[in-house]
Amino acid sequence: MVKKEKIRLLLKENRLEEINNFNKNSIQNILIELLEEEINDFDYDKDIEYIKNIMKILPEYINNKKILNEKLNIIHQSIKTYLVQKPGNIEKTNENYKILKSVINEIELIQMSILYDYSFKYEESKYKLIDYIIFDVKNIANIKDAIKRFPHIVNYMDVDNKSLILKVIEKYIEEVKNYTKEKEIDDIIYYEEVIDILMSSERFIFDVIDKQTLLKKIKEELKNVEEEKYRKTFYLNMLVEKIEGNQIKQDNSYLEYKYNIKTYFNEAIKSEVRSIIKNYHGSKDRIEIEDYILTFDGEGAKEIDDALSIKILANGNYELGVHIADPLSLIDRNSIIFDEASKRTTSIYLEDKTYSMFPIELSGDLLSLQEGKYRNATSYYFEVDKDGNLINYKFYKSIIKVNRNMSYNDFNKIILSGKNDSQLTKTITNLSNISNLLRQYYNEDELYSTLNRKENSTVNMDIIGLSSGEKVIESAMIFTNSMVARYFKQNNLPFIFRNHVIDQNMLNELDRIKQNILLEEDAESYLKYIEMVKTIYPKALYGVECIGHYGLGIDYYAHVTSPLRRFSDIVANICLEELYFNEYNKEKIEDVKRMILKHSNKINNKRSSIEKFSIKCDQR
């Protein structure tokens, strides 16, 4: 009690530095007690000037975020009551009224600091913190959360009396002006999303002068558009529609242009496809594989690009065969079909339709590993002993014939039956057994799994279930991707590696966000945490350097097993062709490296617009 009164006196006398002489661990609680006392006993005629000092130093003495957040919520609500229910004779110019308003601002600032831990990036203003989140961090989840908690922020004015919406729209216009054909549209789309968040708030008020200023500025920009005139004009006019409050019909055509996505093949490509089909014949100089081969996919899959075989060798080891469709055996690298696939970068899988990277006549028929049909492939063979050790491996350009196209459900039914009386059931049993051995080669991070195992995968990259059939395919594909990447890394050859990098600082940041968001302990906290993490958790990226894949716990990783659906796997196929199946020299190595850099940058940059397009399409 004596300590509390001494601190109260120091606060009133503005001797704040002397408070450091007390035990720091207890100061938070004392400051909160003093604040509670003053608010509970509040009167508009009482001298409460010193509570501004409480708020000034409180952030320095935070030692229990959970308790502090709970107490501040209660105090915040009490102050709001005083402000709303003030006596009729009290004006907003009243000194205590202004003090209460400043305390509310400080409470919100501290709560935002606790939630987002960006306190070192702003100077005693939650408005500067919002600026930092929007313009520097670019964290959509945090923006949504902050506005939900503190809705009046949408109308804030900075020290220069510039509104937040004005600043965001000016930034959007700047990004449109800077757009070039070589540059992706991520920043334009990001600021459009922020504009939508602000304008959709119930508290948002669009100042008439701001509107006029912006519309005039956009009109001037439209007059001066030169480079990339069509696309820049589209984005600027789209902004005018938003500002004027017009509803835009966002049909497929609109979304395709907005996100720069192709969903159809032009007549030149269709003609090329017909030529390929007409002139199709079996390939030479390939090893014909006579193994018993199976495919496993979801119900109704058409683009079947991976198959498995397995047998027990005389020495008791497993020989796993992973057979991957080979599009480049029919599609020339100089063809318009190849060029189109390089621009699309992936097939896009929506809830009700698919937009393929290659024309479906090829990816769903002539190139697809269909039952009973001879198909060109790349076959990866791995000898693995009963302990899971890799004994030997070899890659072949092959011709295969799949014995059965099966679904994951077919696999699961056979495993559950327990039968082992046919080549089919024996093959499935052996695949299930080796799957357990292959999983020791990777260790999936829990958070990576949470963010990447989703019911609807935009580009069908993810195994969505955890049944036996899906686990077999997942383990075989991850193992193959890793072993091929390892070959190129160990031989110091360029390859399109898939890297997922996360350091200790990021791990600490993720843990901090989780602890802070869970302070509220409500049913939505974990989901909110996941939404926030999605915007900052590093994405795996393609590159010519091998850095490792944290999310899978693997030192070497790539994508080689889905060339009908991912262009990265096509690039990997070219690397194998040039640097594994054929002789090479230094010049060839440099050519391949340049090719990888060109395509990996394109694929990485295209990802965001594809994801946004997919979300918008599925929401309609």
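Side-chain atoms of Asp445 do not come within 3.5 Å of backbone N or O of Leu552 as any donor-acceptor pair. Without hydrogens or angle criteria, Asn266 side chain to Ala268 main chain gives a donor-acceptor distance under 3.5 Å. Looking at Tyr172, its side chain never comes within 3.5 Å of a backbone N or O of Lys167 through a donor-acceptor pair. A distance-only check finds no donor-acceptor pair linking the side chain of Asn604 to the backbone of Leu541 [under 3.5 Å]. With Asp305 contributing its side chain and Ile324 its backbone, the two residues share no donor-acceptor pair below 3.5 Å. In terms of modelled atom types and a separation under 3.5 Å, the side chain of Thr345 and the main chain of Ser342 share no donor-acceptor contact. Between the side chain of Ser614 and the main chain of Ile610, a donor-acceptor pair closer than 3.5 Å is present. The main-chain N or O of Lys343 is never found under 3.5 Å from a side-chain atom of Lys602 such that the two would form a donor-acceptor pair. Remark: side-chain polar atoms of Tyr254 are not paired, donor with acceptor, to backbone N or O of Ile248 under 3.5 angstrom. Although no hydrogens or angles enter the test, the distance criterion places no donor-acceptor pair under 3.5 Å between the side chain of Ser562 and the main chain of Arg565.
Residues Asp210 and Ser163 bring a donor and an acceptor atom of their side chains to less than 3.5 Å of each other. For Tyr156 and Asp131, the side-chain atoms include at least one donor-acceptor pair closer than 3.5 Å. In summary, the side chains of Asn573 and Asp326 do present a donor paired with an acceptor at a separation below 3.5 Å, with no hydrogens or angles considered.
When all heavy atoms of Val560 and Ala572 are compared, the closest pair comes out as CG1-CB, 3.6 Å. Between Ser356 and Phe265 the shortest heavy-atom distance is O-CZ, 3.4 Å. Between Asn334 and Asp332, the shortest heavy-atom contact is N-OD1, 2.7 Å. In this structure, Phe358 and Leu564 approach most closely via the heavy-atom pair CD1-O, 3.9 Å. Nearest heavy-atom pair, Ser407 versus Glu299, reported as atom, atom and distance to 0.1 Å: OG-OE2, 3.2 Å. Between Val194 and Ile143, the shortest heavy-atom distance links the atoms CG2-CD1, 4.0 Å.
Inter-residue side-chain proximity for Arg344 and Lys606 is flagged as unmet; no heavy-atom pair is nearer than 4.5 Å. Contact check for Val154 versus Ile165: no side-chain heavy atoms found under the 4.5 Å cut-off. Side-chain atoms of Thr561 and Ile478, non-hydrogen and from C-beta on, never get closer than 4.5 Å to each other. The closest side-chain heavy-atom distance from Tyr557 to His500 is not below 4.5 Å. Here the side chains of Leu507 and Asp503 are not in contact, with every heavy-atom distance at 4.5 Å or above. Residues Glu340 and Lys262 form a side-chain contact, since some pair of their non-hydrogen atoms from C-beta on lies under 4.5 Å apart. A heavy-atom distance below 4.5 Å is found between the side chains of Ile243 and Ile218. Using a 4.5 Å cut-off on side-chain heavy atoms (C-beta onward), Met595 and Cys575 make contact.
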Can you check side chain to side chain donor-acceptor pair (under 3.5 Å) on Glu170 and Tyr191, steps first, answer last?
-> CA-CA 10 Å; Glu170 285 180 347; Tyr191 285 110; over 6 Å; no
When you look at Glu226 and Lys232, which way does the salt bridge (charged side-chain N to carboxylate O under 4.0 Å, His left out) test go after all the steps? CA-CA 9 Å; Glu226 292 181 0; Lys232 289 182 179 181; over 6 Å; no
Task: From CA spacing to verdict: side chain to side chain contact (heavy atoms under 4.5 Å, CB included), Leu369, Asp306 - done: CA-CA 7 Å; Leu369 304 184; Asp306 56 80; 5.6 Å; no
Could you go step by step and tell me if Tyr355 and Asn252 meet the side chain to side chain contact (heavy atoms under 4.5 Å, CB included) rule?
CA-CA 12 Å; Tyr355 298 121; Asn252 272 20; 2.9 Å; yes
(message) Applying side chain to side chain contact (heavy atoms under 4.5 Å, CB included) to Phe135 and Ile130, what does each step give before you reach the verdict?
(response) CA-CA 8 Å; Phe135 298 107; Ile130 283 293; over 6 Å; no
I'd like to know whether Phe567 forms a side chain to side chain contact (heavy atoms under 4.5 Å, CB included) with Tyr542, so could you lay out the CA-CA distance, the side-chain angles of the two residues, the decisive distance to 0.1 Å, and finally the verdict.
CA-CA 11 Å; Phe567 196 77; Tyr542 297 104; over 6 Å; no
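Ion pairing of Glu267 with Lys270 is present here, as a side-chain N (NZ or NE/NH1/NH2) and a carboxylate O approach within less than 4.0 Å. Residues Glu220 and Lys223 are paired through a salt bridge, judged by an N-O separation under 4.0 Å between the basic side chain and the carboxylate. A salt bridge links Asp187 with Lys138: the distance from a Lys NZ or Arg NE/NH1/NH2 to an Asp or Glu carboxylate oxygen falls below 4.0 Å.
Atom CD of Glu227 sits in a crowded spot, with more than 12 heavy atoms from other residues, nucleotides or ligands closer than 6.0 Å.
Relative orientation of the Tyr259 and Phe613 rings is perpendicular, given thresholds of 30° and 60° on the angle between their planes.
With values rounded to the nearest 0.5 angstrom, Ile205 atom CD1 is found 13.0 Å from His152 atom NE2. To the nearest 0.5 Å, the span separating CG on Asn405 from OG on Ser368 amounts to 7.0 Å. Here Ile75 contributes atom CD1 and Gln77 contributes atom CD; the two are 12.0 Å apart, rounded to the nearest 0.5 Å. Considering CD1 of Ile331 and CD1 of Ile337, their distance stands at 5.5 Å, rounded to 0.5 Å. In this structure, the separation between CD on Glu192 and NZ on Lys242 is 4.0 Å, given to the nearest 0.5 Å. Residue Asp352 holds its CG atom at 7.0 Å from CG of Asp618, rounded to the nearest 0.5 Å.
Checked against a 6.0 Å centroid threshold, the rings of Tyr448 and His549 count as neighbours.
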